[in-house]
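None of the values given here were measured: they were computed from a predicted structure. A, B, ... follow the sequence lines: proteins, then strands. Residue 1 opens every chain.
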Protein chains: 2
Amino acid sequence: MNARQPGRRPGAPDTRTEILEAARSVFAENGFDRATLRLIAAEAGVDPALIHHYFGNKDQLFAASIDIPDAATDRVLGLLVDDPADLGRHLAETFFSIWEQEEPRTALLGILRSAMGGEDQAVEAFRQFLTSVMMAQLAPKIAGEDARLRALLMASQLVGVAMTRYVMRLEPIASAPIDDVIDLVAPRLQSYVDEDFA
Amino acid sequence: MNARQPGRRPGAPDTRTEILEAARSVFAENGFDRATLRLIAAEAGVDPALIHHYFGNKDQLFAASIDIPDAATDRVLGLLVDDPADLGRHLAETFFSIWEQEEPRTALLGILRSAMGGEDQAVEAFRQFLTSVMMAQLAPKIAGEDARLRALLMASQLVGVAMTRYVMRLEPIASAPIDDVIDLVAPRLQSYVDEDFA
DNA sequence: AACATAATTCAACAGGTGTTGAATTCAAGG
DNA sequence: CCTTGAATTCAACACCTGTTGAATTATGTT
């Protein structure tokens, strides 16, 4: 009573995931508010009502379209446990390796754009990512009273680069090889861990 | 044929600027898309149609509500010309001294929130601020081939802090004394200017 | 071939949006 | 006082939004 693929060549995504991909794309480009269900439906080649059939409402569609980063954040957590003093570089490399992949980038762009607009789910997803990864994993490895503040400043640097490179696409940072960016950012991240300024 | 203040006590703002202040406030809290003219009108204690009488349309109202930072950016340009090697600290101090004032902060929040949503004017205002101040003023003081990239990474750090502290209000950065933040950020900014990593 | 069920579309709704033009209040000038 | 013009409101418009329920098509099962 399942497996209903009509004239769909094998390997091609089914309608549900086609909607999901269209949603991710439109959310990434426009943010939650400007992304209309009719736009998403059009990009998926589908009637708007079908979206409700599969996902219920716009909020649930958005929720379904941003659950990809969960897997990505797990990678961050995983890669952070084992390194001692080279934390800045590892953090930068992992962070940007995620952003440079198209699939998570699209989802993250949707989150970032929508979070700024005030969409509750996006704000919460963003907050949870930063606090769970940055605060829980990073802060314990930093000595001193202001460990959590330093960890969040590291996160701020990364978020800032994500904004200028991926969201606003400002030159020359948007077109720079990601390795150049990593080489420049990593030492500054590391300095938040190492150095004690009075 | 002018000077029309009815029962307004002296020093109190006239209706036009009351609308402007309400607009700034609502834009800052909700971003361009979610900020409705009816909300702004209500906060100003005024009929929505009066907004059109004074400002024409929503775009022009937004434009009028974000021209305050122009004066602020001039301050940045001014304070940057005269210092040699202490650039990181001066930049951080000036940047945050602007953000810590309520009036420009409100306008900047509106710009930032709306720019992420894709509002063209906001994107352009933001891009122009970053390129004119950061690129034109900062980059020339940095040696090396990647001067512009380094300057934009400095800007990214500042933008990232603005996002976490003022937009998303993440703790502990949101409640930290601004001087603590400056003390931590300034050396990293300066390192973008000074250090040559191969 | 006939049925059942999922996939998909159609047409329409109720609500909110920016915007408009006419109507009304109000303050000043002759 | 009465007229002029600005300040302000009223009521309504056309449009777009998310959403819904019924109708229609397609598909797999018996």
Side-chain angles (χ1 to χ4, degrees), chain A residues 1-10 12-23 26-27 29-65 110 113-114 117-122, chain B residues 1-10 12-23 26-27 29-65 110 113-114 117-122:
Chain A
M1 67 184 76
N2 55 1
R4 181 159 288 75
Q5 310 107 326
R8 213 181 295 278
R9 63 191 186 288
D14 65 349
T15 307
R16 203 193 119 99
T17 65
E18 260 181 13
I19 293 177
L20 221 43
E21 287 171 7
V26 175
F27 280 136
E29 285 177 13
N30 305 346
F32 184 87
D33 291 324
R34 301 199 165 189
T36 127
L37 290 182
R38 285 172 169 85
L39 238 177
I40 297 174
E43 181 142 326
V46 146
D47 189 278
L50 194 60
I51 297 182
H52 288 84
H53 177 29
Y54 280 118
F55 297 96
N57 60 20
K58 192 182 179 182
D59 283 289
Q60 293 175 259
L61 173 66
F62 183 73
S65 82
R113 280 224 154 90
S114 309
E119 170 66 17
D120 288 342
Q121 288 182 85
Chain B
M1 70 185 74
N2 55 359
R4 180 156 290 76
Q5 308 106 327
R8 213 181 293 280
R9 63 192 187 285
D14 64 351
T15 308
R16 202 194 121 99
T17 66
E18 260 181 13
I19 293 177
L20 222 41
E21 285 172 8
V26 175
F27 281 136
E29 284 176 14
N30 304 349
F32 184 86
D33 291 325
R34 299 199 167 190
T36 132
L37 290 181
R38 285 173 170 83
L39 238 177
I40 296 173
E43 181 140 327
V46 145
D47 188 277
L50 195 59
I51 298 182
H52 289 84
H53 178 28
Y54 280 119
F55 297 97
N57 60 20
K58 191 181 180 183
D59 282 290
Q60 293 175 257
L61 173 66
F62 183 73
S65 82
R113 280 224 154 91
S114 309
E119 170 66 18
D120 288 342
Q121 288 182 85

Hey, what do you get for CZ (B:Arg34) to CD (A:Glu119), rounding to the nearest 0.5 Å? 5.0 Å
B:Asp14 has an atom CG; how far is it from atom C1' of D:dA6, in whole Å? 14 Å
Given D:dA7, D:dT17, D:dT19, which nucleotide is nearest the side-chain atoms of A:Thr36? D:dT17
Nucleotide C:dT8, atom P - distance to CD1 of A:Ile40 in whole Å: 17 Å
Can you check whether B:Thr17's main-chain N or O pairs, donor with acceptor, with B:Asp14's side chain at less than 3.5 Å? yes
Rounded to whole angstroms, how far apart are CG on B:Leu37 and P on D:dC13? 20 Å
Nearest-Å distance for atom pair CD1/C1', residues A:Ile19 and C:dA7: 10 Å
According to a strict under-4.0 Å criterion, is B:His53 in side-chain N/O contact with OP1 or OP2 of D:dA7? yes
For the atom pair CG (A:Asp33) and NZ (A:Lys58), what is the distance rounded to the nearest 0.5 Å? 6.5 Å
Return the value, rounded to whole Å, for the distance between atom CG of A:Asp33 and atom P of D:dC16. 18 Å
Does A:Thr15 place a side-chain N or O at less than 4.0 Å from the phosphate oxygens OP1/OP2 of C:dT8? yes
Can you figure out which of D:dA7, C:dT19, D:dT19 approaches the side chain of A:Arg38 most closely? D:dT19
Supply the atom-to-atom distance A:Arg16 CZ to A:Leu50 CG, rounded to the nearest 0.5 angstrom. 11.0 Å
Distance col, row B:Arg38:CZ vs B:Asp47:CG, nearest 0.5 angstrom, shows 9.0 Å
Look at the side-chain N and O atoms of B:Tyr54 and state whether any lies under 4.0 Å from the OP1 or OP2 oxygen of D:dT8. yes
B:Lys58 NZ to D:dC15 C1': how many Å, rounded? 15 Å
Identify, residue by residue, the members of residues 43-52 of chain A with a heavy atom below 4.0 Å from DNA chain C, and return them in order of residue number, or none. A:Val46, A:Asp47, A:Ala49, A:Leu50
Interatomic spacing from OH in A:Tyr54 to CG in A:Leu20 - rounded to 0.5 Å: 12.0 Å
To the nearest Å, how far apart are B:Leu61 CG and C:dT19 C1'? 14 Å
When we call it a touch if two heavy atoms are under 4.0 Å apart, what does B:Ala41 touch: a base, just sugar-phosphate, or nothing? nothing
Reported CD-to-CZ distance for the pair B:Glu29 and B:Arg113, which is rounded to 0.5 angstrom: 8.0 Å
Please state how far atom CZ in B:Arg34 lies from atom C1' in D:dT17, giving the value in whole angstrom units. 13 Å
